[in-house]
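Values below: all heavy atoms of this structure, side chains included; hydrogens, waters and symmetry mates excluded. Atoms within each ligand, like the ligands themselves, are counted from 1 in listed order. Keep in mind that this is a model prediction, so the values were computed, not measured.
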Amino acid sequence: MSEVDVCVVGLGYIGLPTSLVLATSGSNVHGVDISDTVVEQLNAGQATFEEPGLQECLDAAIATNNLSVSNRTVPASTYIIAVPTPIGSDRSPDISYVLAAAAQIAVHIQSGSLVILESTSPVGTTEAVAKAIYSSRDDLDPGDIFLAHCPERVIPGHMLHEITTNDRVVGGLSFEDAEKAADLYRTFCTGSIHLTDARTAELTKLAENSFRDVNIAFANELSMLADELGVDAWDVISLANKHPRVNILQPGPGVGGHCIAVDPWFLISSAPSTTELIRAARNVNDSKPLFVNRQIVQEVKSSGRNSVAILGLAFKANVDDLRGSPAVEIVERLALENTDLMIHVAEPFVSELPERLGGFPNVRLESLESCLDREEIVVLLVDHDQFKNIDSTVLSTKRLIDTRGLWRELNV
Ligand SMILES: NC(=O)c1ccc[n+]([C@@H]2O[C@H](COP(=O)([O-])OP(=O)(O)OC[C@H]3O[C@@H](n4cnc5c(N)ncnc54)[C@H](O)[C@@H]3O)[C@@H](O)[C@H]2O)c1
């Protein structure tokens with residue numbers, strides 16, 4: 001039995017909370033990341049991103065002496081892969097990080113070890129991980145190691161609660177593989193654990209995120225359609241949802257982040273001729289930022305002003321994650337195409353502009369108060385709690401573009 005119970009490869013939004021929850025539940029955990037910054041920060045006892053309760057959980061894990069962190073994969077009984085699975089510029093899935101992690105693990109793995117792929121992956125990736133490991137280890141025979149895909153469904157902002165309480169789907173290359181992986185999740189997960197095969201687990205995760213994307217696309221399309229017809233989309237949605245079997249989601253400025261906006265492409269790429277609806281939804285959601293840009297430019301022209309306030313850059317409310325954020329895309333296009341327009345951005349979750357916006361002389365990060373004091377046109381792109389609390393008398397003096405319907409609820 002190796003000294004380390006679980007070696008978690010990749011300590012980002014998924015790998016870090018998973019490592020901490022495992023460590024505080026009694027497993028001896030070694031976390032690995034190729035980023036020196038991540039390793040240094042964690043070894044200094046500092047959480048690497050904003051998430052409620054994360055710092056406290058890191059403190060608790062360190063106090064157990066069950067957690068170590070480095071940039072080297074080490075021998076362990078179980079390996080969890082939690083590395084990125086992005087799409088390339090042609091939107092095809094890039095599983096190179098997963099295969100690199102598999103290669104790191106292959107060096108140390110022993111007969112009887114368990115490998116769990118947590119990264120959201122195209123159908124067939126767990127089999128590809130098995131192939132990568134076995135092809136580099138002549139001494140192992142197929143079936144010597146246990147392999148399973150256990151996708152993660154946590155929502156940023158509630159990760160530590162959901163990681164322990166959500167139901168889990170555990171898909172093994174064989175039933176024994178699934179059972180072995182389920183045993184690990186039972187050490188910290190109070191939700192139900194559903195056993196299946198790896199391909200079904202892979203498709204289930206992709207189906208979940210594509211379902212969300214398609215439903216958000218309906219809301220976004222409806223919001224653009226309502227605007228064209230001169231009707232308030234939020235009124236329509238609220239009234240339509242009085243129907244006992246209708247539940248239309250809320251529109252927004254687009255769909256961002258690295259999950260819902262990315263994972264449907266894994267399906268489109270795997271089965272291009274049978275994913276028409278999923279592709280159409282992606283295109284609708286990708287078109288929404290451009291629609292918002294046109295709204296802002298129109299408001300600027302009709303007001304005669306040469307500056308705007310933008311509230312929010314994150315891809316969703318109350319997180320510091322700007323990856324794939326439609327808000328960043330909107331500000332970037334606005335800055336690029338309107339060089340005379342001064343753009344004052346308030347984003348309480350970051351202390352500096354992201355690289356994509358940092359080079360624009362007409363984009364500045366400012367406090368919410370200064371944005372509201374100075375600007376007549378106020379564009380809400382993210383429904384952070386802090387923006388909910390803005391005094392409605394202040395808002396009533398502004399020209400508002402509320403892409404989230406946040407202030408509508410406040411009856412401004
Ligand atoms: N963030 C979420 O809310 C969420 C939810 C569900 C599923 N997922 C999926 O989980 C996976 C991980 O996502 P994330 O948000 O944690 O990504 P992330 O970018 O936050 O973290 C990944 C980490 O892996 C590290 N890394 C990359 N290659 C490595 C290697 N070979 N060895 C060691 N470390 C390596 C990176 O430096 C990074 O710190 C993705 O497949 C994602 O789609 C994410």
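Distance alone, capped at 3.5 Å, places no donor-acceptor pair between the Glu375 side chain and the His344 backbone. At least one donor-acceptor pair under 3.5 Å links the side chain of Asn28 to the backbone N or O of Glu3. Judged by distance alone, with hydrogens and angles left aside, the side-chain atoms of Asp383 form no donor-acceptor pair with the main-chain N or O of Arg404 at under 3.5 Å. Remark: side-chain polar atoms of Trp265 are not paired, donor with acceptor, to backbone N or O of Pro86 under 3.5 angstrom.
No donor-acceptor contact under 3.5 angstrom links the side chains of Thr403 and Lys288, judged on distance only. With no hydrogens or angles considered, no side-chain donor-acceptor pair links Glu202 and Thr125 at under 3.5 Å. Judged by distance alone, the side chains of Asp177 and Ser174 do bring a donor and an acceptor atom under 3.5 Å apart.
Proximity of Met159 to ligand 1, defined as any heavy-atom pair under 4.0 Å, is confined to the side chain (atoms from C-beta onward). At a heavy-atom distance under 4.0 Å, only backbone atoms of Ala82 (N, CA, C or O) approach ligand 1. Counting heavy atoms under 4.0 Å from ligand 1, residue Glu51 does not touch it at all. In Pro151, neither the side chain nor the backbone holds a heavy atom less than 4.0 Å from any atom of ligand 1.
Residue contacts with ligand 1: Gln104 is placed with a nitrogen or oxygen under 3.5 Å of a nitrogen or oxygen of the ligand (distance criterion only). Remark: ligand 1 and Tyr97 share no N or O pair separated by less than 3.5 Å (distance only, no angle test). At least one N/O-N/O distance between Asp33 and ligand 1 falls below 3.5 Å. Considering backbone and side-chain atoms alike, Thr120 places an N or O below 3.5 Å from some N or O of ligand 1. The shortest N or O to N or O distance between Arg323 and ligand 1 is under 3.5 Å. Taking only nitrogen or oxygen atoms, main chain and side chain alike, Ile14 reaches within less than 3.5 Å of ligand 1.
The closest protein non-hydrogen atom to atom 28 (N) of ligand 1 is Ile34 CD1, 3.4 Å. From the protein, the heavy atom lying nearest to atom 6 (C) of ligand 1 is Glu152 O, 3.3 Å. For atom 24 (O) of ligand 1, the closest non-hydrogen atom of the protein is Gly10 CA, 3.4 Å. Atom 41 (O) of ligand 1 has Thr85 OG1, 2.5 Å as its closest protein atom, hydrogens excluded (heavy atom only). The nearest protein atom to atom 2 (C) of ligand 1, hydrogens excluded, is given as His258 NE2, 3.2 Å; this is a heavy-atom distance. Atom 14 (P) of ligand 1 has Tyr13 N, 4.0 Å as its closest protein atom, hydrogens excluded (heavy atom only). Of all protein heavy atoms, the one closest to atom 11 (C) of ligand 1 is Val83 O, 3.4 Å.
A 4.5 Å side-chain heavy-atom check between Glu366 and Arg374 finds at least one atom pair inside the cut-off.
In terms of heavy-atom proximity, Ala106 sits nearest to Ser136 at CB-OG, 3.4 Å. Ile193 approaches Val170 most closely through the heavy-atom pair CG2-CG2, 3.7 Å.
Close approach of ligand 1 to Val9 is summarised as follows: ligand atoms under 4.0 Å from at least one heavy atom of the residue are 32 (N), 33 (C). Listed by number with element, the atoms of ligand 1 under 4.0 angstrom from any heavy atom of Pro156 are 3 (O). Using a 4.0 Å cut-off to heavy atoms of Gly12, the atoms of ligand 1 that qualify are 16 (O), 18 (P), 20 (O), 21 (O), 23 (C). The contact set between ligand 1 and Val32, taken as ligand atoms under 4.0 Å from a residue heavy atom, comprises 33 (C), 34 (N). Heavy-atom contacts of Pro84 reach the following atoms of ligand 1: 19 (O), 22 (C), 24 (O), 27 (C) (cutoff under 4.0 Å).
Scored by the side-chain contact (heavy atoms from CB on, under 4.5 Å) test, Glu56 finds no partners at all (sequence neighbours excluded). With sequence neighbours excluded, the residues forming a side-chain contact (heavy atoms from CB on, under 4.5 Å) with Ala335 are Ile343, Phe360, Asn362, Val363, listed by chain and number.
For Lys205, the heavy-atom gap to ligand 1 drops under 4.0 angstrom.
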Exercise. Begin from the C-alpha positions of Asp197 and Arg199 and carry the test salt bridge (charged side-chain N to carboxylate O under 4.0 Å, His left out) through to its verdict.
Key: CA-CA 6 Å; Asp197 61 84; Arg199 291 176 75 86; over 6 Å; no
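More than 12 heavy atoms of other residues, nucleotides or ligands shown are found within 6.0 angstrom of CD on Gln55.
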